[in-house]
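Encoded as structure tokens, the structure appears first; notes follow it.
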Amino acid sequence: MAVVRYLAFRIVNALIILFLVLLITAVMMNEYVEDQIRTDIRERAYQEIYRNPQYAQWTEEQKQRAVQERIKFYEQQYGLDQPYHIRVLYRTVDAMMFNFGNAMVLKSAGGSPVVSDIILEALPRTILLFTTGTIVTIVIGILLGIKAATKVGSLLDRTISTFAMFTYSLPMWWVGMIFIFYFSYTLGIFPSGGMVSIPPPEEPMAYALDVLYHLALPLIVFVFVNFGGWSYATRSIVLNVLTEDFVNTARAKGVPERKILYGHVLRTASPPIVTSTTLAILGSIGGAIITEAVFNWPGIGRLFYQAILNGDMPVVIGLTYISTFLYVFAILALDFAYALLDPRIKVGVGGGR
Amino acid sequence: MGIKDIVSEFLRFKSGLIGVFLLLIIVGMAVAAPVISDEEAGYRWYDIEWWTEKNIPKGVPPEWVGIIEGREYASTSEFTYRIPSREGYRFTFNISYDMAADVPPSDVILYINVSKAEGAADEEYIVVMNIYRPDGTSLSRVLDLTTAAPLAKITLSTDEKARSTIITFMKKYDPENFEDITSRGLTNVIDVVKILFSEAQEDVLLEKAPPLKGEYKFEITLFRRSTNVTFNEARLVVLGSAYGIFGTDSFGRDIFVGIIWGARIALVLGLVVAIVSVLIGVVYGTVSAYVGGWTDEILQRIQEFAISIPLLPLLLILAYTFKPTIWNLILLLIVFSWPGPVKTIRSMALQIREQLYITAAKAVGASTSRIVLRYILPQILPYTFALVAFAVPGAILTEAGVSFLLGAQGTLEITWGRILSDAERKSAVLTGMWWWVLPPGFMIAISGLAFVLIGTALDRVLNPRLLR
Amino acid sequence: MSSDLALDVRDLRVYYYTYAGVVKAVEGVSFQLRKGETLGLAGESGCGKSTLGFSLMNLVPPPGRIAGGSIFLDGMDIAKMSEEELRRKIRWKKVSMVFQGAMNALTPVYKIGDQLAEPLMVHKGLEKNEAIEEAKKILPKVGLDPEIVNRYPHELSGGMKQRVMIAMALVLRPEVVIADEPTTALDVIVQAQILNLLKSLKKEFNISLILISHDLSIMAEVVERLAIMYAGKMVEIGSSDELFADPKHPYTQGLLKSIPKLTEKGLHYIPGTPPDLRNPPQGCRFADRCPFVFDKCRREEPPMFKVGKTQYAACWLYE
Amino acid sequence: MTKEFTPQDYVKELSEDDLLAVRDLVKYFPIRRSVLDVIARRRQKFVRAVDHISFDIKKGVIFSLVGESGCGKTTTGMTLVRLYDPTSGHILFKVDDETRKKLDDISGGRIKFYDGYVDLAQVPSKWMKPLRTKLQIIFQDPYSSLNPAYRIRDILMEPLVIHGIGDSPEERYEIILKALEAVKLVPAEDIANRFPHMLSGGQRQRVNIAKALLLNPSFVVADEPIAMIDVSLRAEVLLSILDLKEKFGVSVLFITHDLTIAYNISDYIGVMYLGKLVELGSAEQIIKNPLHPYTQALVAAIPIPDPNRRHIIKDIRIKGEITSAVNVPPGCRFHPRCVAFDEHPEIQARCKAEEPKLIEVEKGHYVACHLY
């Protein structure tokens with residue numbers, strides 16, 4: 001019961017955040033977007049009147065008047081005659097319904113100019129790269145972190161700490177550039193970018209392998225930059241837990257060391273690990289976006305890059321929303337994980353720590 | 001703990017000292033930028049014209065690369081021929097250039113300085129250049145142009161006549177590749193200067209022939225149609241194939257200059273963002289913890305909201321809307337960074353507040369301000385130094401990311417991110433110009449590392465025991 | 001070694017190797033624990049009694065370790081066994097422990113049942129279900145409802161957690177149970193209940209019990225023999241009847257006097273503080289606080305002298 | 001109750017040597033509600049830490065409050081020195097003329113006095129400062145009650161600076177040295193220059209006593225001051241507390257869970273259970289003749305340093321464990337754990353429904369139980 005309440009609270013929280021971010025975006029972008037809509041409306045009105053042979057006989061003045069009427073009609077339809085705050089709210093709700101209008105320049109692979117189509121096409125690719133990277137990093141990070149915690153001061157421990165410090169301030173996308181230079185340009189063992197070869201292989205199995213081959217280098221970069229920090233965080237947390245009395249109890253009970261580490265200790269350490277993991281993932285999203293651009297990986301990161309290069313505002317707004325959406329729901333998912341891992345939340349003692 | 005104790009404790013950490021050392025180097029670079037480079041360079045970075053006039057070879061590696069590779073890179077040399085003023089319409093003279101490098105020069109530029117009689121109309125004159133190569137072959141009429149400019153500047157690599165002459169000359173040694181290249185319409189990609197200084201043999205058009213060392217003779221002939229025109233001087237500049245400490249980008253900008261000027265922005269931005277946002281965080285967190293109750297609850301919710309906003313996308317939109325100066329960017333970064341340290345500060349303040357000696361001070365009659373000023377802040381403030389140090393790399397990294405994505409739409413200051421952005425847009429990685437990519441990223445990493453090292457050491461020294 | 005001994009500790013030394021120097025927490029301690037006997041280890045904080053308790057399972061927390069001496073149990077020397085041997089042969093099977101502060105001695109994220117079942121699974125190879133069933137059987141013996149197996153530690157009170165710890169210590173029927181300050185941080189009434197429980201369980205399970213505490217009144221209520229420790233040394237040992245009636249070592253005398261009583265009002269203390277164990281003084285470690293100190297005390301460390309039927313004291317007064 | 005008592009009424013009942021009179025003191029802590037609770041309009045719950053207690057403390061006596069953890073004894077102490085604001089009730093405290101004048105000055109005469117008593121419960125926090133010198137507290141944990149960053153000298157200087165005692169730093173230092181000597185921390189000069197971590201627990205606790213003494217208080221709360229101190233050194237601290245009473249005429253509220261110590265040090269003992277005083281009397285009366293079933297259990301549980309009792313399983317007549325002060329049982333709070341309740345069916349109905357009041361059973365010995 002307490003879990004349900006806790007999670008309900010988190011979901012409401014997430015929705016509020018989404019709404020507020022969108023509201024900010026809408027306020028910032030309002031003028032820009034409305035200008036665009038007005039231009040569209042005017043163009044459409046002109047076309048309807050001037051291209052229509054029905055009105056060919058009309059005088060220029062009549063046509064102009066008709067155009068103005070059409071414009072007024074459309075403006076009403078789009079709610080442009082409403083007061084400012086209503087318009088902004090309208091835009092926010094529109095965006096919340098994934099309705100971002102049409103792109104100005106970019107198009108989806110199928111040729112659709114609808115922003116949500118373009119984004120939905122890119123989204124799975126980003127998720128593929130990002131989740132695989134995260135999972136690999138978590139596994140490596142936790143394993144190494146525990147190893148380091150059990151051997152404090154060893155070469156492994158010191159290497160991990162140093163490495164974590166170094167990668168803490170390393171731009172992931174720059175590492176990407178360097179890796180491309182070395183592994184693609186110099187050694188030529190990995191493709192320099194993209195998601196599939198051109199032309200793409202026909203056979204599904206070959207296609208999948210090809211994608212995997214293209215995935216490898218960005219994945220390596222993601223893991224390379226992130227696992228140090230995660231190992232270090234895990235190490236610190238595990239080290240803390242190791243000093244707790246119950247570890248001694250477990251040792252006294254004759255529980256094998258492996259079981260102590262991967263059972264008692266890791267289980268206890270997992271809620272704080274989840275918390276620090278959340279922060280780490282959130283921190284790496286920005287870098288991942290740019291990394292996609294560098295690797296020409298056709299996900300939302302590269303889309304961002306292209307939208308900015310082309311000044312395609314509707315796409316930028318849509319992407320902002322989608323990334324906020326992903327971000328907020330990633331936090332939510334980790335909150336769920338936290339609630340499942342910490343029995344104190346299960347019975348509602350810890351509350352929303 | 002007094003300041004002396006803190007310093008002596010800090011000095012025990014080797015990593016912290018390394019951090020300080022790295023930081024000093026970067027600070028040194030930033031401070032010395034106007035001294036060790038042209039001061040104008042600081043605001044002329046994006047003025048490509050200005051850079052072109054400086055006759056810096058474009059897209060060449062650093063000079064020390066030759067030492068490592070054991071090859072000699074051509075250096076830039078200049079030859080001036082003062083044309084004796086005398087009668088006649090035709091002047092011919094030779095400039096010889098001894099090409100001894102393993103990597104031939106990157107370009108040849110010819111300047112003709114001309115003056116005209118007062119009141120005279122724009123009189124045209126003709127420049128012709130023949131080249132005699134050390135292997136006995138010669139190229140005639142590499143240049144043949146008519147112009148009326150008072151200062152003629154002819155760049156071999158971009159001059160159409162020169163390009164076609166050189167390619168045609170080499171065609172007979174490498175006919176197959178010529179066919180291939182022409183059919184694919186790639187003739188304009190050939191580095192004609194490089195092949196001019198190469199052995200005339202197979203694959204020369206693929207730029208794969210070895211360099212041809214020896215004396216090159218540039219025979220220059222100038223024609224004038226009237227005596228209103230006076231030729232003063234001819235200057236032949238052979239641009240080297242390596243330059244400076246970090247080489248140059250494909251616009252001919254000295255990357256080292258970009259790096260040291262970028263250090264200023266990085267430091268200022270990183271420090272200002274970190275200090276201001278940590279200070280806001282400290283005030284916010286302390287108030288939240290000390291006042292408690294509903295205020296605390298509300299402040300915490302606000303902080304949670306603020307920290308759940310994805311930074312980069314919003315930052316991009318905002319940067320896009322407000323044409324971002326560096327100060328706008330700093331402001332935006334602060335707006336998004338202050339929630340970071342709040343949780344830490346709040347929990348610290350909470351823990352200190354719970355200490356019995358605080359209650360004891362209350363029992364003695366100490367006022368709230370006395371408790372905050374004498375008991376709570378002195379415990380928190382030293383630690384904020386560590387927090388500031390940890391916050392700097394994030395700010396620098398984010399700025400780099402934003403500048404990288406926004407490119408020319410971003411700030412107009414020299415930033416490392418922007419240099420990388422240019423590199424990416426010019427495909428530096430795929431054309432092997434590592435010197436354009438490595439130094440800026442490396443500087444971002446090093447400056448971040450410096451602060452992390454310092455922060456870690458400060459953390460060990462200053463983190464109050466009660467946090468552990 | 002006679003067969004009625006559960007433990008035979010000889011010249012045990014346990015040191016902590018810290019950055020600030022070697023802390024000699026236990027220095028040359030010898031004693032024997034008979035089968036079915038209750039022995040008390042008393043002394044003030046920092047005297048090494050808890051360290052001694054941990055070393056009996058060879059489980060001194062780092063940076064501490066056994067630096068010398070032997071601990072014999074069934075002919076095996078616990079002090080010289082490998083981790084793996086200790087784990088398989090000694091820990092919990094032969095020697096188990098009730099830890100100080102049960103609040104932290106239970107893993108917060110495991111249910112009580114899982115924690116009780118763990119030793120049965122590890123040492124007896126039981127399946128989890130069997131093990132939990134087995135664990136349920138022991139809970140009523142410590143006065144707990146068997147259904148408690150489905151609860152988490154934070155849902156229990158301090159007294160209940162301590163009962164769980166005791167149940168856990170008994171689950172494999174070990175020969176020796178060490179109870180390290182089992183009632184510290186518990187209220188008077190709960191403390192008395194736990195002591196009652198220990199007394200009755202000791203009879204029922206026929207275990208040898210080592211009770212570690214700073215509280216001599218608790219000792220008097222439970223133990224048959226009492227050892228007094230001071231600054232890493234054992235200064236006096238003897239049957240509690242004899243020792244309480246006629247303490248020989250000046251420290252024991254002072255300590256007994258320091259206990260406030262209901263029979264007579266009066267407050268006494270031992271002036272001074274214990275020595276720094278990184279740099280203990282030459283001679284008797286109690287010399288600085290001893291009212292009877294003389295020259296020899298500061299020069300030479302006193303050995304144990306037999307001072308009564310069962311009583312030994314390390315003091316030059318009894319040479 | 002027919003008539004609402006005023007502080008004036010209470011004061012009339014007091015005798016000349018009463019320093020402090022607590023009447024109907026209540027301290028509830030609201031339990032923090034989440035946003036959801038507020039939205040759902042769930043009723044605000046309280047921890048009823050102290051629930052209508054009354055007692056008097058005479059000049060120069062030691063009064064012990066005993067009970068299990070969570071019974072409200074520490075809250076009582078903290079409320080008496082106004083580190084907590086009482087929820088309701090009165091704390092009548094006798095003040096000297098000098099303090100009275102200072103209070104008049106600071107409040108502009110707005111603080112009421114009742115025959116030389118001031119009601120601490122009615123003094124707003126901002127006007128408490130003059131009273132702080134008269135009311136002092138010593139905490140349980142000697143390790144965190146001294147700021148680790150400052151030397152003993154600086155720690156002791158604080159109260160003097162705050163209250164403007166002593167004209168120069170030199171003079172203040174002299175005062176500090178005297179206070180250290182008064183608690184037998186010698187050589188005082190040496191101790192004054194140390195940091196807290198260089199002292200033993202007993203020494204630190206005596207620093208705290210010296211700190212209290214500096215302000216010349218008339219009432220000191222000692223909250224389990226020896227619970228964290230080594231057995232052999234406890235008497236050192238206790239003797240200093242006895243000195244407070246004997247040499248300086250200070251009244252002490254001594255809070256402890258250890259009845260043996262309470263018996264040894266105090267003149268009077270009050271027994272608390274779940275926020276209520278259940279028994280009150282002289283130390284002899286409480287220990288030798290406990291009347292309340294709870295006090296009887298407490299006394300029975302006292303460990304006795306006599307090895308002859310080894311084979312006895314003690315009969316502690318109590319059931320279950322102390323419940324939380326949030327959901328307090330109706331009627332007598334102790335009845336769910338009371339053995340006498342089971343044994344006396346005739347009073348069960350009253351125990352369940354009616355809260356017993358403190359009644360005087362023998363002279364000066366009060367008990368709140370329906371048995372009497």
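Chain letters run A, B, ... following the sequence lines, proteins first, then strands; residues in each count from 1.
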Within 6.0 angstrom of K128(C) NZ, more than 12 heavy atoms from elsewhere
no
Using a heavy-atom cutoff of under 4.5 Å, enumerate the residues of residues 241-261 of chain A that contact chain C, numbered in order, or state 'none'.
D245(A), F246(A), N248(A), T249(A), R251(A), A252(A), K253(A), G254(A), V255(A), P256(A)
Give, as side chain, backbone, both or neither, the part of M97(C) having an atom under 4.5 angstrom from any heavy atom of chain A.
neither
Less than 4.5 Å to any heavy atom of chain A: does that hold for the side chain of E84(C), its backbone, both, or neither?
neither
Between Q115(C) and H264(A), do the side chains contain an N or O donor and an N or O acceptor separated by less than 3.5 Å?
no
Per-residue contacts, residues 130-148 of chain C versus chain A, heavy atoms under 4.5 Å
none
For chain A, which candidate among K93(C), M57(C), E118(C) shows the most heavy-atom pairs at distances under 4.5 Å?
E118(C)
Which answer fits T107(C), side chain, backbone, both or neither, if we ask what part of it has an atom under 4.5 Å from a heavy atom of chain A?
both
Among V122(C), I90(C), L59(C), V171(C), which has the most heavy-atom pairs under 4.5 Å with chain A?
L59(C)
Does atom CD of E127(C) have more than 12 heavy-atom neighbours from other groups under 6.0 Å away?
no
Using a 6.0 Å cut-off, check whether atom NZ of K35(C) has over 12 heavy atoms from anything other than its own residue.
yes
Report which part of M121(C) has an atom under 4.5 Å of a heavy atom belonging to chain A: side chain, backbone, both, or neither.
neither
